Amino acid sequence: MASSKSQTTKLPIIFSFVSFLLILSSSTVCSKPLVSGSRLPANQTFRTRHELHKLKRIRSYLRKINKPAVKTIQSPDGDVIDCVQSHLQPAFDHPKLKGQKPLEPPERPKGHDSVESIAKTLQSWTDAGESCPEGTIPIRRTTEKDVLRASTIRRFGRKIRRGVRRDTMSSDHEHAVAFVNGDQYYGAKASINVWAPRVTDQYEFSLSQLWVISGSFGNDLNTIEAGWQVSPELYGDNYPRFFTYWTTDAYQATGCYNLLCSGFVQINNKIAIGAAISPRSSYNNRQFDIGIMIWKDPKHGHWWLEFGSGLLVGYWPSFLFSHLQSHASMIQFGGEIVNSRSMGYHTSTQMGSGHFADEGFGKASYFRNLQVVDWDNSLIPMSNLHLLADHPNCYDIRAGKNNAWGNYFYYGGPGRNPRCP
């Protein structure tokens with residue numbers, strides 16, 4: 001976690017659930033006597049059977065993704081972190097990875113100056129000095145409550161479609177982003193200001209991330225994504241959490257958040273994907289940001305992820321993708337929210353800090369030191385950066401450039417306001 005004090009100075013970079021159902025069924029029977037003996041009404045019997053069947057499926061799913069732990073850590077924010085042997089992580093359930101072990105770290109892009117370090121607190125679960133042993137990885141344990149918040153088990157841990165912005169057509173996903181396209185890209189890097197924006201509906205989220213994109217924007221869309229997000233549906237709270245995502249078919253059947261399916265291979269025992277980030281920025285006070293870099297290893301072709309000050313998290317194997325097996329055709333940075341209009345008007349879910357871009361440092365959220373990786377595995381400055389805010393009266397974006405921050409932008413907003421009804 002980097003602390004930024006000035007824009008112009010250089011910055012380092014169910015069982016209980018079943019009981020509830022039985023009590024509910026019992027109280028319903030007692031309060032309204034049945035006409036035909038002691039039988040439950042057909043629709044109530046069906047519902048009870050349906051819920052029990054759903055519960056059985058959830059428990060089966062949890063047995064699949066919650067792997068045996070050699071150590072368990074109780075995080076102060078309520079999370080349970082399991083230290084799982086690296087070769088038992090969910091990725092190795094994939095047919096193409098079964099029996100394999102994580103790869104050795106690749107060569108980082110030229111012009112990359114981070115060093116392996118964890119001098120600062122990055123996530124709440126490490127606050128008490130806890131850590132996972134070497135040879136294991138920390139995995140946030142998924143609970144029955146987590147899965148029950150999703151609309152269906154199949155949709156748990158997945159984005160709905162329209163997760164990338166490419167035009168100005170309206171949808172329930174709204175963006176304020178900067179992007180480059182028209183070339184071949186082999187990675188991207190940025191430092192992202194971390195806040196805890198208010199999310200006003202359980203089924204909405206607010207995130208700040210970078211996207212590595214290839215393919216058309218039809219059913220063949222490939223993306224790799226990383227950043228921070230506040231998602232009450234996925235995590236059950238309003239903490240900003242480090243997350244990853246991938247898809248190879250435009251968010252339809254492939255891919256997932258974090259380690260909730262077979263895909264991303266983690267190699268680091270210090271970072272838990274999906275865990276809360278700490279500390280966080282506050283308005284007109286101290287600012288914190290995280291570094292995110294994604295790049296394609298020229299030797300093996302896999303896409304690697306680095307977090308913070310040089311912490312190599314892991315990789316997405318190239319065989320997961322179609323278009324991204326070769327290169328990306330677009331890099332995108334910025335914020336995204338879901339506007340469900342559940343109250344009949346625009347959501348008050350915030351993006352970034354919840355303040356508009358023109359408020360500047362310490363008040364508006366930012367991305368700084370934007371770079372892309374070229375064909376020669378070199379980090380280079382951005383050129384031809386495009387800006388897009390599809391609902392600028394609700395969330396906007398402004399870019400700039402200087403010696404300390406390179407290419408940067410401020411972005412975000414409060415959502416509903418007099419100009420955003």
Side-chain angles (χ1 to χ4, degrees), residues 13 106-114 163-167 175-192 207-218 220-227 243-251 254-255 263-264 290-307 312-336 367-388 397 399 401 405-409 411:
I13 297 271
E107 179 185 347
R108 285 172 168 84
K110 304 177 190 72
H112 179 61
D113 56 4
S114 291
V164 174
R165 200 68 202 151
R166 70 181 176 106
D167 53 39
H175 305 74
V177 296
F179 66 92
V180 289
N181 59 4
D183 206 341
Q184 296 182 1
Y185 308 99
Y186 296 84
K189 182 181 180 183
S191 291
I192 311 175
L207 59 75
S208 296
Q209 68 168 71
L210 63 83
W211 291 258
V212 175
I213 305 165
S214 194
S216 72
F217 285 82
D220 65 339
L221 181 71
N222 288 202
T223 76
I224 292 172
E225 311 170 27
F243 82 96
T244 63
Y245 200 89
W246 68 275
T247 182
T248 189
D249 62 356
Y251 307 95
T254 64
F264 185 82
I290 55 170
I292 299 286
M293 181 169 71
I294 297 171
W295 82 102
K296 188 176 178 61
D297 171 22
K299 186 175 181 180
H300 298 289
H302 306 310
W303 291 89
W304 285 79
L305 170 67
E306 181 184 282
F307 174 80
L312 201 56
V313 183
Y315 59 94
W316 291 269
S318 61
F319 67 72
L320 294 173
F321 305 101
S322 53
H323 300 289
L324 281 175
Q325 282 199 25
S326 54
H327 61 267
S329 57
M330 176 185 282
I331 302 293
Q332 184 169 288
F333 310 83
E336 176 185 355
F367 279 61
R368 63 177 174 89
N369 299 106
L370 310 181
Q371 295 175 287
V372 293
V373 180
D374 69 4
W375 63 272
D376 192 36
N377 198 35
S378 296
L379 277 165
I380 60 173
M382 309 286 284
S383 59
N384 299 317
L385 188 66
H386 305 280
L387 303 181
L388 174 65
I397 183 169
K401 186 175 183 179
W405 279 20
N407 288 103
Y408 69 87
F409 62 84
Y411 71 102

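Keep in mind that what you see is a predicted model, and the values were worked out from it rather than measured. The figures here come from the full heavy-atom set of this structure, side chains too, leaving out hydrogens, waters and symmetry mates.
Using a 4.5 Å heavy-atom threshold, the side chains of Ile290 and Phe307 count as touching.
Ring orientation note: the planes of Tyr315 and Trp304 are tilted relative to one another, at an angle of 30° to 60°. Aromatic ring pairs are classed by plane angle as parallel below 30°, tilted from 30° to 60° and perpendicular above 60°; the pair Phe321 and Trp246 is perpendicular. Between Phe264 and Trp316, the two ring planes are perpendicular [angle over 60°; tilted spans 30° to 60°].
No side-chain donor-acceptor contact under 3.5 Å links Trp303 to the backbone of Val212. With Lys296 contributing its side chain and Trp375 its backbone, the two residues share no donor-acceptor pair below 3.5 Å. The backbone N or O of Val180 sits nowhere less than 3.5 Å from a side-chain atom of His386 that would complete a donor-acceptor pair. Not one N or O on the side chain of Asn407 forms a donor-acceptor pair closer than 3.5 Å with the backbone of Asn369.
A donor-acceptor contact closer than 3.5 angstrom links the side chains of Asp249 and Thr254.
Every residue two or more places apart in sequence or in another chain was checked for a side-chain hydrogen bond (donor to acceptor under 3.5 Å, both in side chains) with Glu107, and none qualifies. Taking the side chain to side chain contact (heavy atoms under 4.5 Å, CB included) definition, one finds that His323 meets it with Ser214, Asp220, Asn222, sequence neighbours left out.
By the neighbour-count criterion of 12 heavy atoms within 6.0 Å, atom NZ of Lys110 is densely surrounded, having more than that number from other residues, nucleotides or ligands.
In summary, the aromatic rings of Tyr245 and Tyr251 are positioned with their centroids under 6.0 Å apart.
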